[in-house]
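A short write-up of the structure that comes next.
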Amino acid sequence: MSLLEVKNLKKSFGDNVVLEDISFNVEKGEVLSIIGPSGSGKSTLLRCITKLETEDSGIIDFDGTFGLVFQNFNLFPHHSLMKNITNAPLRVQKRDKEEVFAHARDLLKKMDLEDKEDAYPSELSGGQQQRVSIARALAMNPDILFFDEPTSALDPELTGEILQVIKDLAAEHMTMVIVTHEMNFARNVSDDIIFMDGGVIVEQGTPEEVFSSDNKRMKDFLGKFY
Ligand code: ADP
Ligand code: MG
C-alpha cells in the first residue's frame, strides 16, 4: 500500500476551479517533485493534503505525520531556534522534554547550526533560516516532508545549500513531496515528477519520461528554463 494516495481530488475557490481530478500515489522512501507554472494549483494541492485547505471532493489517504517547509520559512520571530524546533514535538506530540531537546540538538548539528540554539531567526541568513525550518519539520519525525518552493526566496548561492540538504535527506530515504522551480534538481533527485498546468496533471512519470515529453504545454514550460 502507498504511504499517500490522492484520488480524484477537486478544489475550487468560488467559480475558480483550482484542482480538477488530481490522482497520484507516493510510496515510502520516494521523492516526488511537482512542477508547473505559477497559478497551476501546486500550493493548493499541498495545502489540501496537509489540511491547511479543505478539498471539495476526492480522497486523500494518509494517516501519518507530515512536516511542511514553506518558501518564506515561517519561523516564529520571537522564539529562539530551539523553541521554534521543540514547540510542536512538546506541545502537539506531547513527547518527553529531554528526548525532544536531544533530538533538536542533533538536528541543529545536522543542519550546521549547532552553536545557534539560542539565536533568533532574524539573526540568521535566509539559508540558515530555511535549514531551521527543515530541522523543525524533521523534529516531528514525519513520515512525509512536504516542501513548497523551499528555495524561491533565496539567493542562488543559498539555494544550492538548501538543495544539498534535501539531496542528503533523499539519500537517507526520507519520503518527500517537493514543489520546485529548480528543474535540474527535480530531474536529479526525483523518483517521479508531476507536471501541473491549469489545475490538472498534464504529465506524470519518471524524470526521463516527463522531461522528454512531446506534450506542448510541457515543452513550452521547460523552454522557459533551458
Ligand atoms: P501555484 O502554487 O501553482 O502557483 P496556487 O495553488 O497558489 O498555485 O493557486 C492556484 C489558483 O488558486 C490561483 O488562481 C490562485 O489565485 C487561487 N487561489 C489560491 N489560494 C486561494 C485562496 N485562498 N482564495 C482564493 N483563490 C486562491
Ligand atoms: Mg505556490
Side-chain angles (χ1 to χ4, degrees), residues 2-6 26 28-32 43-55 60-154 158 161-180:
S2 302
L3 190 53
L4 165 67
E5 295 190 17
V6 176
V26 177
K28 194 170 173 358
E30 180 183 349
V31 178
L32 170 70
S43 293
T44 303
L45 175 57
L46 288 197
R47 291 173 62 81
C48 287
I49 297 170
T50 56
K51 315 277 179 224
L52 297 173
E53 289 285 357
T54 311
E55 64 277 14
I60 297 169
D61 197 353
F62 172 63
D63 45 34
T65 301
F66 62 80
L68 192 47
V69 176
F70 301 91
Q71 176 174 341
N72 291 314
F73 327 132
N74 291 25
L75 296 169
F76 292 112
H78 53 290
H79 286 173
S80 68
L81 303 197
M82 196 52 150
K83 190 157 183 193
N84 265 283
I85 294 171
T86 57
N87 205 40
L90 291 174
R91 285 168 190 260
V92 182
Q93 294 182 318
K94 314 263 184 228
R95 277 157 53 193
D96 173 73
K97 197 170 169 185
E98 276 188 31
E99 179 263 322
V100 166
F101 273 76
H103 188 201
R105 291 200 174 94
D106 282 348
L107 290 167
L108 280 170
K109 189 162 179 217
K110 185 171 174 165
M111 296 298 149
D112 261 329
L113 294 165
E114 62 234 85
D115 53 342
K116 293 266 194 269
E117 64 177 72
D118 296 323
Y120 286 80
S122 61
E123 301 170 58
L124 306 183
S125 72
Q128 288 175 322
Q129 290 189 51
Q130 194 57 304
R131 295 209 303 271
V132 174
S133 98
I134 294 170
R136 180 178 60 176
L138 289 170
M140 305 278 286
N141 289 321
D143 300 287
I144 302 189
L145 261 191
F146 294 92
F147 293 86
D148 194 354
E149 298 195 30
T151 63
S152 290
L154 300 176
L158 300 180
E161 90 186 28
I162 295 304
L163 297 182
Q164 187 58 50
V165 169
I166 301 173
K167 277 183 198 161
D168 292 345
L169 292 171
E172 294 168 19
H173 308 291
M174 184 75 217
T175 310
M176 295 185 281
V177 176
I178 309 166
V179 173
T180 184

- Item | Expected output: side-chain N84 to main-chain S80 donor-acceptor under 3.5 Å | yes
- Message: Less than 4.0 angstrom from a charged side-chain N to a carboxylate O is my criterion; do R105 and E114 meet it?
- Response: no
- Item | Distance-minimising heavy-atom pair for A139 and R95 | O-NH1, 2.8 Å
- Message: As a quick check of understanding, evaluate side chain to side chain contact (heavy atoms under 4.5 Å, CB included) for T65 and N141, giving each step before the final call.
- Response: CA-CA 7 Å; T65 301; N141 289 321; over 6 Å; no
- Query: Distance-only, no hydrogens or angles: does the K116 side chain make a donor-acceptor pair with backbone N or O of L113 under 3.5 Å?
  - Reply: no
- Message: In the structure I gave you, are the side-chain heavy atoms of C48 and I60 within less than 4.5 Å of one another anywhere?
- Response: yes
- Quick one: are V179 and L46 in side-chain contact, heavy atoms under 4.5 Å? yes
- Look up atom CG in L45 and atom CD in E53, then write down how far apart they are to the nearest 0.5 Å. 11.5 Å
- May I ask you to decide if the ring planes of F76 and H78 are parallel, tilted or perpendicular, using 30° and 60° as cut-offs? perpendicular
- Return yes if some donor-acceptor pair links the side-chain N/O of S125 with the main-chain N/O of Q128 below 3.5 Å, else return no. yes
- Message: Less than 4.5 Å apart, side chain to side chain, heavy atoms only: is that true for D168 and Q164?
- Response: yes
- Item | Result of checking D63, D61, I49 against L4 for side-chain contact (heavy atoms from CB on, under 4.5 Å) | I49
- Query: Which heavy atom in G127 sits nearest to a heavy atom in L158, and how many Å separate them?
  - Reply: N-CD1, 3.7 Å
- pair L138-L145: side-chain heavy atoms closer than 4.5 Å: yes
- Query: For the atom pair CG (L154) and CD (E149), what is the distance rounded to the nearest 0.5 Å?
  - Reply: 11.5 Å
- Message: When you compare the side chains of D148 and S43, does any donor N or O come within less than 3.5 Å of an acceptor on the partner?
- Response: yes
- Salt bridge between R47 and E55, side-chain N to carboxylate O under 4.0 Å? no
- Task: Please round to the nearest 0.5 Å and tell me the distance separating atom CG of L107 and atom CE of M111.
- Result: 6.5 Å
- Message: Under the criterion side chain to side chain contact (heavy atoms under 4.5 Å, CB included), I'd like the reasoning laid out for V31 against M174: C-alpha separation, chi angles, the key distance, then a yes or no.
- Response: CA-CA 8 Å; V31 178; M174 184 75 217; over 6 Å; no
- Message: So does I144 get a backbone contact from the side chain of T175, meaning a donor-acceptor N/O pair under 3.5 Å?
- Response: no
- Take atom NZ in K109; do more than 12 heavy atoms of anything else shown fall under 6.0 Å from it? no
- Message: Is it the case that atom NZ in K28 sees more than 12 heavy atoms from other parts of the structure closer than 6.0 Å?
- Response: no
- With S133, which of R136, Q130, Q129 fulfils side-chain hydrogen bond (donor to acceptor under 3.5 Å, both in side chains)? Q130
- Message: Measuring only between side-chain heavy atoms, which start at C-beta, is L52 closer than 4.5 Å to L68?
- Response: yes
- Message: Do E30 and M176 make a side-chain contact, defined as non-hydrogen atoms from C-beta onward lying under 4.5 Å apart?
- Response: no
- Message: If you count heavy atoms of other groups shown closer than 6.0 angstrom to NE2 of H79, is the number above 12?
- Response: yes
- Message: I'd like to know whether V69 forms a side chain to side chain contact (heavy atoms under 4.5 Å, CB included) with F146, so could you lay out the CA-CA distance, the side-chain angles of the two residues, the decisive distance to 0.1 Å, and finally the verdict.
- Response: CA-CA 6 Å; V69 176; F146 294 92; over 6 Å; no
- Under a 4.5 Å cut-off applied to non-hydrogen side-chain atoms, are L81 and D118 in contact? no
- Verify, without hydrogens or angle tests, whether N72 (side chain) and N74 (backbone) share a donor-acceptor contact under 3.5 angstrom. no
- Message: Applying side chain to side chain contact (heavy atoms under 4.5 Å, CB included) to F62 and V26, what does each step give before you reach the verdict?
- Response: CA-CA 10 Å; F62 172 63; V26 177; over 6 Å; no
- Please report the closest heavy-atom contact between G64 and D143, naming both atoms and the distance. CA-OD2, 3.2 Å
- When every non-hydrogen atom of P142 is compared with those of G67, the smallest separation belongs to CB-N, 3.5 Å
- Item | Flag side-chain contact, heavy atom, 4.5 Å: I162 against I134 | yes
- Message: Please give me the minimum heavy-atom distance between Y120 and P77, naming the atom from each residue.
- Response: CD2-O, 3.6 Å
- Any chance you could measure L169, atom CG, to F147, atom CZ, to the nearest 0.5 Å? 6.0 Å
- Shortest non-hydrogen contact from A135 to I85? CB-CD1, 3.9 Å
- Query: Can E172 and K110 be said to form a salt bridge (charged side-chain N to carboxylate O under 4.0 Å, His left out), step by step?
  - Reply: CA-CA 13 Å; E172 294 168 19; K110 185 171 174 165; 2.8 Å; yes
- Charged N-O contact under 4.0 Å between R131 and E161: yes
- Message: So for atom CD, which belongs to E98, do other residues, nucleotides or ligands contribute more than 12 heavy atoms lying within a distance under 6.0 Å?
- Response: no
